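Notes follow once the structure below has been shown.
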Number of protein chains: 2
Amino acid sequence: MNTKFFQNIYKHPLITPSDLNVIIKCHQKVHFKKAEFILKIGDQANDYYLIENGILRSFVYDYNGNEITTNFHCPNDISTEYASLFQRQASNENIMAITDGLAWKITYDLFQKLFHQNNGFREWGRSWLSQQLFISTQRAIEMHTKSAKDRYIQLIQNNPQIVQNAPIKHIATYLGITDTSLSRIRKEIL
Amino acid sequence: MNTKFFQNIYKHPLITPSDLNVIIKCHQKVHFKKAEFILKIGDQANDYYLIENGILRSFVYDYNGNEITTNFHCPNDISTEYASLFQRQASNENIMAITDGLAWKITYDLFQKLFHQNNGFREWGRSWLSQQLFISTQRAIEMHTKSAKDRYIQLIQNNPQIVQNAPIKHIATYLGITDTSLSRIRKEIL
DNA sequence: GGTAAGTCTTGCCATATGACAGGAAATACC
DNA sequence: GGTATTTCCTGTCATATGGCAAGACTTACC
């Protein structure tokens with residue numbers, strides 16, 4: 001059990017070391033394999049995953065049935081479908097592994113218990129949600145203030161592991177373009 | 001004091017009528033005027049607003065200094081900058097009134113108090129945040145799966161009040177296009 | 001090792017949107 | 001009421017990206 005790993009994710013001034021121990025105990029080790037589904041559209045998310053290594057990807061389908069990658073989840077990220085987990089609804093996203101990997105999952109019930117029992121965890125939870133909201137808003141803004149090329153360069157700089165491991169077609173839809181265009185952008189960058 | 005108004009916003013199975021009364025008492029009436037700043041970039045958000053009537057708009061600046069509208073806030077919406085309010089940081093968005101209006105605000109301290117004292121309010125809060133996150137994600141997806149024209153038509157259908165009250169340039173940046181293009185789209189739709 | 005399946009690149013042409021600038025129309029202001 | 005300001009529309013041309021299809025290349029599999 002790698003305490004540093006959890007410490008890094010559950011970082012909040014109100015979470016004490018003994019809180020952290022309680023929190024850690026609520027997690028369960030999970031190995032995942034490339035191409036494995038972690039969550040399917042229509043199912044209810046029952047847990048969230050702290051990724052220790054490997055990469056996940058969440059995606060939806062557009063009106064033509066094409067996969068649109070909405071997010072990549074890398075080591076030290078938390079992966080889940082918020083609306084499904086926290087509002088107990090059917091998921092509207094798929095989550096699938098694009099590499100083999102290792103994660104720690106926590107169930108909704110245990111999350112719920114911690115959330116109500118532990119003040120620090122509660123604050124952390126709210127802060128994390130609002131942080132995710134901020135990231136999501138930023139992304140929406142960059143989707144139309146930056147060119148596809150700039151967004152790709154930014155991805156290379158911030159998440160080289162994604163660029164190295166994910167197939168071009170998934171990166172392309174994440175960037176909001178076709179694989180054809182991304183291929184041209186790559187050529188241009190060289 | 002319009003109870004129905006609050007009831008509609010603070011709708012959650014775990015919020016009892018007496019909870020609701022406590023919650024309502026924490027709010028304070030605020031009138032706002034067209035072009036008034038509710039929040040400025042760099043300031044810390046200290047409250048959130050339940051809008052009873054009128055429209056607010058939040059916006060950022062792109063790398064060229066142009067205003068980009070990130071959101072409109074209509075009657076029965078809650079308006080704030082989440083990251084600033086909940087993570088006690090400087091805001092990275094401006095919020096400005098585009099019409100005169102009336103809102104009810106609640107301060108961070110009172111929100112915080114309710115959040116820790118009241119189970120139903122806490123659940124509502126988390127549910128609301130994850131709902132916002134869902135909306136934000138949906139918007140990011142639609143920004144590249146739908147054409148600007150479709151997004152505009154959708155806006156007309158879902159939020160006619162915005163189309164009627166906001167100047168074209170603000171609607172355009174919200175849709176991710178220029179006012180020139182929006183003008184052409186409007187012409188085409190007729 | 002050979003076939004099949006999937007992945008990436010490239011060429012051609014179409015289209016949506018942007019940049020800029022001029023003008024019309026509406027609105028604000030003294 | 002008249003000037004200034006803002007808002008909106010429109011024309012021309014440039015550019016980014018898409019759609020489609022062919023081919024090269026890689027990977028998986030029996």
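The sequence lines fix the lettering, A, B, ..., with proteins before strands; numbering per chain opens at 1. What you see is a predicted model; the values in this text were computed from it and never measured.
Rounded to whole Å, atom P of C:dA26 lies 18 Å from atom CD of B:Q164. Going from atom CG of B:N165 over to atom C1' of D:dC8 covers 17 Å, rounded to whole Å. Atom NZ in B:K149 sits about 16 Å away from atom P in C:dG18, given to the nearest Å. One interatomic measurement links the two molecules: CG of A:L175 to C1' of D:dA16, which rounds to 14 Å at whole-angstrom precision. With rounding to whole Å, B:D179 atom CG is found 18 Å from C:dA26 atom P. For the pair B:M143 CE and C:dT17 P, the interatomic distance rounds to 11 Å; values are reported in whole Å. As a whole-Å value, the separation of A:R186 CZ from C:dT7 P is 13 Å. Here the C1' atom of nucleotide C:dA19 and the CD1 atom of B:I177 are 14 Å apart, to the nearest Å.
Here A:R151 does not pair with A:E142 in a salt bridge; the nearest charged N to carboxylate O distance is not below 4.0 Å.
A:K187 comes within contact range of the sugar-phosphate backbone alone, with a heavy-atom separation under 4.0 Å but no base atom that close. Among the atoms of the strands shown, base atoms are found under 4.0 Å from some heavy atom of A:S183. Residue A:K169 is in sugar-phosphate contact alone, with no base atom involved, counting any heavy-atom pair closer than 4.0 Å across all strands shown. A:T178 comes within contact range of the sugar-phosphate backbone alone, with a heavy-atom separation under 4.0 Å but no base atom that close.
With the nearest nucleotide of DNA chain C identified for both A:P167 and B:R151, A:P167 has the one nearer the 5' end. When the nearest nucleotides of DNA chain C are assigned to B:K34 and B:K146 by heavy-atom distance, the more 5′-ward of the two goes with B:K146. Of the two residues near DNA chain D, A:L182 and B:I168, the one whose nearest nucleotide lies more 5' is B:I168.
Counting only distance, with no hydrogens or angles, the side chain of B:T173 and the backbone of B:T69 share a donor-acceptor pair below 3.5 Å. A:R88 places a side-chain N or O within donor-acceptor distance of the main-chain N or O of A:A45, the cut-off being under 3.5 Å. Proximity of a side-chain donor or acceptor of B:S91 to a complementary backbone N or O of B:S84 within less than 3.5 Å is not detected.
When every heavy atom of A:I15 is checked against every heavy atom of A:L20, the shortest pair comes out as CG2-N, 4.0 Å.
The side chain of B:S181 places an N or O atom within less than 4.0 Å of a non-bridging phosphate oxygen (OP1 or OP2) of C:dG18. Listed pair A:R184 / C:dT10 fails the phosphate criterion, with no side-chain N or O lying under 4.0 Å from OP1 or OP2.
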